[in-house]
Amino acid sequence: MTADTILASLQLSTPEIILAVGALVLLMIGVFSGERSGTTVTGLAVALLIVAGLWLVTVTGEGAAYGGAFLSDPFAKFMKVLSLIGSITALVMTVGHARTEQLDRFEFPVLIVLATLGMMLMISANDLISLYLSLELQSLALYVVAAINRESLRSTEAGLKYFVLGALSSGMLLYGMSLVYGFTGHTGFHEIAAALSAEGRSLGLVFGLVFVLAGIAFKISAVPFHMWTPDVYEGAPTPVTAFFSGAPKVAAMAMMVRIVIEAFEPIAVDWQQIVVFISIASMVLGAFGAIGQRNIKRMMAYSSIGHMGYALVGLASGSMAGVRGVVLYMLVYMVMTLGAFACILAMRRKEGGNVENIDDLAGLSATNPFMATAMTVIMFSLAGIPPLGGFFAKYFVFMAAIEAHLYALSVIGVLASVVGAYYYLRVVKVMWFDEATDEFARTAGELKLVFGISGLFLAGYVLIGGPIGSAAEAAARTFF
């Protein structure tokens with residue numbers, strides 16, 4: 001690499017460099033300022049993420065960097081912006097709960113920044129090695145964040161489960177990558193695709209593909225690699241769960257789209273079968289698994305599993321319309337889950353702290369009508385009821401599947417949506433028709449802002465969906 005190519009690479013990856021250097025500076029500020037610097041470091045971390053996002057949108061160009069291992073293209077930019085918004089929102093939501101959830105340590109925002117750096121590198125990875133390194137950077141930060149409340153047995157258990165199962169999935173992913181490299185002789189996505197086009201597939205390569213997709217399926221909590229999700233969602237501090245449910249899922253789905261559409265495009269018939277299977281399994285388990293849940297965080301965990309299944313419906317089509325549907329779905333999904341978790345964080349008794357049971361929402365329409373209305377819009381949207389944002393998200397992925405003649409997948413998805421509507425409507429019923437037993441404490445302003453914007457976005461999606469759809473189409477066109 002010449003000086004010019006190194007300089008060009010640095011320019012393309014400036015947002016990531018800002019986060020990497022910024023995280024080190026924040027760490028030093030926290031270390032030298034002591035334990036009371038948590039709020040200061042959190043504010044600086046939010047500012048750092050905003051600066052990285054503005055640089056990404058306004059300055060960063062397009063092209064390949066570091067010998068083709070890093071890509072900056074419309075798809076990467078769109079998904080990176082989503083990840084940054086998810087991380088910023090999750091950090092803002094922790095402000096009022098930092099002390100009660102033991103998150104007022106300066107390490108927490110630093111770990112969030114490092115995890116976000118890993119996500120951005122994952123989204124731009126164009127090589128198996130860069131993909132694995134960025135994935136591990138994200139994962140190691142998330143393992144620690146899940147168990148950050150050391151005084152809570154549930155939090156420690158959640159972190160340990162996530163770490164053990166995450167290490168297993170990383171091993172599977174690395175083994176799959178070694179098989180792919182062994183049978184193609186390349187680690188770059190474009191080179192792998194060229195080798196597959198020239199030589200065709202072999203049985204060993206298909207095994208490698210299966211292991212690679214299994215490792216990535218764990219990161220998006222798709223069935224049958226979902227087992228960590230309900231326990232980690234319930235056990236981790238609620239602000240941490242809110243973070244887990246948004247940005248990391250967006251980044252992992254972007255990584256999955258890039259690797260199958262770019263690297264394994266010549267053997268689309270093989271990976272489509274795998275994606276169809278995990279999509280159906282995720283939709284069905286997510287729909288039926290949530291029915292018996294009484295803890296709202298566990299219910300949202302199964303909801304997340306189901307929604308990853310719906311997003312994979314678009315990917316299974318392997319078309320530009322399908323990728324566009326996936327991009328739109330992840331955008332709407334992130335808005336819905338962040339809004340829902342803002343409401344869950346607001347479920348706080350005046351005396352007794354946070355509560356997590358669905359029955360604790362009883363009579364919310366009488367005691368806090370604004371929160372009840374926002375939560376109702378979010379639950380209807382999660383169920384896919386028109387004309388809310390969640391309906392359009394499902395519409396686009398199902399239409400892409402129908403265009404690809406995946407009729408059985410579409411029918412199963414629609415039926416799973418009908419089953420899933422039950423547990424979302426149960427939450428609405430509890431809020432509007434059950435008698436209030438107690439009143440929640442005053443809702444923090446930042447939480448009102450998050451679930452208010454979320455509700456407005458979902459309710460008004462029919463008015464603003466055009467420009468968003470155009471941006472998603474431009475992102476999807478990257479691959480076609």
Side-chain angles (χ1 to χ4, degrees), residues 1 5 9 12-13 63-73 75-76 79 118 121-139 167-220 222 225 251-279 312 315-320 322-323 326 404 476-480:
M1 292 178 71
T5 57
S9 296
L12 287 174
S13 60
Y66 306 108
F70 179 97
L71 282 182
S72 178
D73 53 33
F75 176 79
M79 301 307 273
L121 291 170
M122 279 164 56
I123 292 167
S124 283
N126 192 42
D127 183 278
L128 294 177
I129 296 172
S130 61
L131 185 148
Y132 184 76
L133 291 174
S134 55
L135 179 64
E136 287 306 295
L137 172 61
Q138 178 220 16
S139 298
L168 173 65
S169 77
S170 294
M172 294 170 66
L173 181 66
L174 198 57
Y175 180 60
M177 288 177 175
S178 68
L179 286 174
V180 172
Y181 173 69
F183 283 93
T184 63
H186 299 284
T187 57
F189 291 174
H190 296 306
E191 290 81 3
I192 291 170
L196 291 175
S197 297
E199 302 167 14
R201 68 175 180 84
S202 60
L203 183 61
L205 183 82
V206 173
F207 271 102
L209 171 65
V210 170
F211 276 105
V212 167
L213 292 183
I216 299 174
F218 175 90
K219 301 303 178 185
I220 61 171
F225 309 99
M253 186 62 75
M255 175 177 69
M256 190 169 192
V257 169
R258 191 180 291 279
I259 197 169
V260 297
I261 297 293
E262 286 199 341
F264 297 115
E265 192 274 333
I267 55 169
V269 174
D270 295 294
W271 63 254
Q272 279 177 318
Q273 294 176 49
I274 301 169
V275 172
V276 167
F277 168 74
I278 61 176
S279 174
L312 289 172
L315 182 58
S317 69
S319 63
M320 191 179 89
V323 174
V326 173
R477 202 176 288 119
T478 302
F479 303 111
F480 299 94

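This chain uses plain numbering: 1 for the first residue, then up along the sequence.
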Can you check whether [X] reaches [Y] side chain to side chain, under 4.5 Å on heavy atoms?
| X | Y | result |
| --- | --- | --- |
| Glu136 | Leu174 | no |
| Leu205 | Leu196 | yes |
| Lys219 | Ser170 | yes |
| Leu128 | Ile259 | yes |
| Leu213 | Met256 | yes |
| Val180 | Phe264 | yes |
| His190 | Asn126 | yes |

What's the shortest heavy-atom distance between [X] and [Y], and which atoms?
| X | Y | answer |
| --- | --- | --- |
| Phe480 | Val323 | CE1-CG2, 3.8 Å |
| Leu121 | Ser134 | CB-CB, 3.4 Å |
| Ala252 | Ile216 | O-CG2, 4.0 Å |
| Ala65 | Leu12 | CB-CD1, 4.0 Å |
| Ala64 | Leu71 | CB-CD2, 3.7 Å |
| Val276 | Ala316 | CG2-CB, 3.8 Å |

I need the [X] [atom1] to [Y] [atom2] distance, nearest 0.5 Å.
| X | Y | atom1 | atom2 | result |
| --- | --- | --- | --- | --- |
| Leu209 | Phe183 | CG | CZ | 12.5 Å |
| Leu133 | Gln138 | CG | CD | 13.0 Å |
| Leu168 | Met172 | CG | CE | 6.0 Å |
| His186 | Ile192 | NE2 | CD1 | 8.5 Å |
| Phe479 | Ile261 | CZ | CD1 | 7.0 Å |
| Arg258 | Ile123 | CZ | CD1 | 8.5 Å |

*Going by the side chain to side chain contact (heavy atoms under 4.5 Å, CB included) test, name the single residue among Phe218, Phe225, Phe211 that passes it with Ser169.*
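Exactly one candidate clears the test, Phe218.
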*Out of Ile220, Val326, Ile274, which one pairs with Leu312 under the side chain to side chain contact (heavy atoms under 4.5 Å, CB included) rule?*
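Exactly one pass, corresponding to Ile220.
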*Mind checking what makes ring-ring contact (aromatic ring centres under 6.0 Å, His included) contact with Phe189, not counting sequence neighbours?*
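Scan of Phe189 (ring-ring contact (aromatic ring centres under 6.0 Å, His included), adjacent residues dropped) gives none.
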_For Ser72, all residues meeting side-chain hydrogen bond (donor to acceptor under 3.5 Å, both in side chains), sequence neighbours excluded_ =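 In terms of side-chain hydrogen bond (donor to acceptor under 3.5 Å, both in side chains), with neighbours along the sequence ignored, Ser72 is linked to no residue.
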*May I ask you to check whether over 12 heavy atoms, not counting those of Tyr181, lie within 6.0 Å of atom OH?*
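Atom OH in Tyr181 is not packed in, count stays at 12 or less.
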*asked:* Counting only heavy atoms from other residues, nucleotides and ligands, does the tally under 6.0 Å from OH of Tyr175 exceed 12?
replied: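 Counting other residues, nucleotides and ligands, OH of Tyr175 stays at 12 neighbours or fewer.
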_Checking the side chain of Thr478 only, and the main-chain atoms of Phe75 only, is there a donor and an acceptor separated by less than 3.5 Å?_
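Such a contact is found between Thr478 side chain and Phe75 backbone.
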*Are any side-chain N or O atoms of Ser130 and backbone N or O atoms of Ala69, one a donor and one an acceptor, separated by less than 3.5 Å?*
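Yes; at least one donor-acceptor contact below 3.5 Å.
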*Could you walk me through whether Met79 and Val257 pass the side chain to side chain contact (heavy atoms under 4.5 Å, CB included) check?*
CA-CA 11 Å; Met79 301 307 273; Val257 169; over 6 Å; no
*Donor + acceptor pair across side chains of Tyr66, Ser13 (<3.5 Å)*: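 Per modelled atom types, Tyr66 and Ser13 side chains form a pair under 3.5 Å.
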